[in-house]
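Shown next, in structure tokens, is the structure this report addresses.
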Amino acid sequence: MSKSFDIGIESLAGGATAVREGRHGHLGSFAAPAEEELQKSDSSAFESDSRSASIAIPTDTKKSFYIETFGCQMNAHDSEKVSGVLLGRGYHAVENPMQADLVLYNTCSIREKAAQKVFARLGDWKTVANGKIIGVLGCVAQQEGEEIFERAPWVSLVCGSASYRKLPELLAQLEAGGRRVTGLDLDTDETFETEITRRDNPIRAYITIIEGCDYSCSYCVVPHTRGPERSRSSEAVLAEARRLADAGYTEIQLLGQTVNSYRDPSARKWKFVDLLRGVAAVKRIRRVRFTTSHPNDFHREIVEAIDETPELCDHVHLPVQSGSNAILRAMRRTYTREEYLAKIEWIRAASRPISITSDIIVGFPGETDADFEESLTLLDAAQYDAIFSFTYSPRPNTSAKDMPDAIPEAEKSRRLAVMNERQRQIQIARNEKLVGETFEVLVDARHAARGQWGGRTSCNRLINFTTTRENLLGEYVSVQVTRGGPNSLVGEQVL
Ligand code: SF4
């Protein structure tokens with residue numbers, strides 16, 4: 001059952017980038033308690049457009065960069081691509097921002113706290129910037145724009161994600177002595193293509209297939225910060241998947257804010273489901289995941305594709321956001337509770353078990369006790385394997401910001417606690433039922449102090465297990481479940 005793992009490409013010394021804030025649930029995977037956090041292998045890898053496994057990147061240059069990432073998996077992968085652009089320009093990565101010539105913050109504005117953190121980070125440089133180039137990327141950059149220069153005059157670069165394709169040009173301006181440069185266009189049909197992408201995760205590789213969003217959920221900043229929906233050509237996505245397979249990756253996750261809204265802009269005109277099957281057919285790729293799906297674009301053929309294609313993982317992340325039709329309407333989610341639950345039924349009717357996870361917001365303006373109760377009963381009906389739950393946070397440039405009947409913070413917190421406890425009981429019951437079952441696990445962590453290894457099943461469950469074997473990172477192994485907790489499983493390797 002095991003398969004050797006070999007990322008046959010160079011590791012980058014001092015290459016780790018910092019990722020903060022956890023994931024925005026819109027692009028989530030199963031929740032895990034802090035003590036279960038994976039101890040990732042610290043190796044990093046990058047892949048180039050070249051079919052050869054390595055590319056000559058000068059590492060003796062004096063130019064160095066540090067990038068810290070906040071927010072969702074889309075941001076984390078954008079940072080991998082930005083790092084690739086910098087490596088291609090002769091920069092090298094450092095782990096300490098004080099040692100860097102260029103310090104970048106790839107930011108998140110999905111919640112007010114995340115945006116505030118960025119300004120706190122910028123404030124740290126007020127007296128010590130000393131000729132460094134400080135840059136703000138991502139959602140806060142797009143949202144605040146040139147206002148950032150007013151609040152933090154030592155910042156030189158402000159660039160939103162829809163303008164990342166312009167980064168080489170903006171960096172050239174800075175290197176030529178430019179004092180303040182911006183990339184804030186939203187009006188684009190282009191995607192962010194790079195010759196080199198630095199890969200921070202040696203086990204799972206990410207491919208963005210669609211950027212931006214054409215929905216207009218009333219609470220969400222994404223259409224404002226990431227711009228309109230743009231899909232990459234199916235050939236570009238397949239070429240990247242083949243390069244990743246050549247580099248030793250066996251698991252790929254396709255990314256997009258609404259990944260299943262994908263529409264191939266090339267003459268081939270593939271739908272999302274065609275792309276899923278195409279990536280799954282790439283030689284040596286054993287697992288394909290995708291996130292995040294919008295319920296409106298979630299069609300039965302996606303379930304059929306998963307059912308028929310073993311490489312497509314047994315997991316769908318389908319954010320519902322509320323169980324109340326009145327609140328779904330106010331959120332402009334474009335589906336009803338009944339329509340959503342019908343899609344859950346399709347997934348549950350598949351011939352192999354597919355785990356389902358979701359995002360839910362509590363305390364949206366006007367949410368009554370009865371509306372909240374409907375969200376709780378939806379948990380019972382959907383039987384999610386995990387949820388990402390959030391209290392509503394009003395954001396600038398969203399139509400919900402000025403809605404009446406705001407829910408007091410204390411009440412939002414109370415509802416969140418009630419919801420989490422209800423879901424916790426569901427997860428305990430679901431995970432206990434798995435005791436005795438055997439799963440194929442891709443090993444991605446070593447918990448030396450506990451004498452355990454960790455990994456994920458195809459259904460994206462975390463499982464920690466014991467074994468007499470060594471050197472398992474990147475291996476596929478069979479593990480029998482011996483115990484089920486609320487957030488993870490415990491097991492033993494089947495030898
Ligand atoms: S679908 Fe809605 S919540 Fe998701 S990114 Fe688009 S606007 Fe935001």
Side-chain angles (χ1 to χ4, degrees), residues 21-29 70-78 106-112 114-115 138-143 160-162 186 188 191-192 206 208-231 253-263 272 290-299 302 316-325 327-337 339-340 343 357-365 367 375 387-403:
E21 272 295 305
R23 304 170 185 90
H24 167 20
H26 205 69
L27 286 160
S29 59
F70 297 78
C72 67
Q73 189 56 57
M74 286 282 285
N75 264 12
H77 184 46
D78 281 347
N106 188 2
T107 61
C108 169
S109 64
I110 205 77
R111 300 183 67 76
E112 196 179 352
C139 292
V140 173
Q142 191 67 48
Q143 189 171 286
S161 64
L186 279 179
T188 177
T191 51
F192 180 29
Y206 298 91
T208 300
I209 65 165
I210 178 170
E211 296 173 10
C213 178
D214 279 353
Y215 285 96
S216 53
C217 301
S218 60
Y219 53 85
C220 181
V221 287
V222 166
H224 177 74
T225 57
R226 286 189 168 265
E229 185 183 292
R230 290 103 57 205
S231 293
Q253 183 159 339
L254 305 179
L255 295 179
Q257 298 291 342
T258 55
V259 73
N260 57 331
S261 308
Y262 176 83
R263 278 175 296 187
F272 176 62
F290 55 95
T291 197
T292 288
S293 295
H294 192 291
N296 199 50
D297 295 321
F298 193 87
H299 306 300
I302 297 175
V316 172
H317 184 67
L318 201 61
V320 67
Q321 307 301 5
S322 172
S324 151
N325 281 334
I327 298 299
L328 287 172
R329 246 190 329 273
M331 288 176 163
R332 295 207 205 123
R333 284 297 287 177
T334 73
Y335 52 83
T336 63
R337 170 191 176 103
E339 286 162 350
Y340 179 88
K343 296 185 182 204
T357 54
S358 192
D359 302 339
I360 303 197
I361 295 170
V362 300
F364 190 78
E367 184 187 70
S375 288
I387 60 165
F388 292 84
S389 50
F390 305 90
T391 54
Y392 168 73
S393 170
R395 306 304 301 127
N397 302 305
T398 62
S399 58
K401 181 174 159 279
D402 299 316
M403 279 184 181

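Since we're looking at a predicted model, the values are computed, not measured. Sequential numbering from 1 along the given sequence is applied to the chain's residues. Indexing begins at 1, ligand by ligand and atom by atom, following the structure's order.
Under the 30°/60° scheme for interplanar angles, the aromatic rings of H77 and Y206 are found to be tilted.
Contact between R333 and ligand 1 is present, with at least one heavy atom of the residue lying under 4.0 Å from the ligand.
With hydrogens and angles left out, the side-chain atoms of S399 and R332 include a donor and acceptor closer than 3.5 Å. Between the side chains of T357 and H317, at least one donor N or O lies within less than 3.5 Å of an accepting N or O.
With respect to D214 and R230, no salt bridge is recorded, no charged nitrogen being found less than 4.0 Å from a carboxylate O.
Here C217 contributes atom SG and H294 contributes atom NE2; the two are 5.0 Å apart, rounded to the nearest 0.5 Å. Taking CG of N106 as the start and CG of N75 as the end, the distance is 4.5 Å to the nearest 0.5 Å.
The distance from atom 8 (Fe) of ligand 1 to the nearest N/O/S atom of C213 is not under 2.8 Å. Note on H294: not counted as a metal contact of atom 6 (Fe) of ligand 1, no N/O/S atom lying under 2.8 Å.
Within ligand 1, counting atoms from 1 as listed, the ones closer than 4.0 Å to a heavy atom of T258 are 1 (S). Close approach to C220 involves these atoms of ligand 1, each under 4.0 Å from a residue heavy atom: 3 (S), 5 (S), 7 (S), 8 (Fe).
Residue contacts with ligand 1, taken as heavy atom pairs separated by less than 4.0 Å, involve P223 solely via side-chain atoms from C-beta onward. The proximity of C217 to ligand 1, defined as any non-hydrogen pair under 4.0 Å, involves the side chain as well as the backbone.
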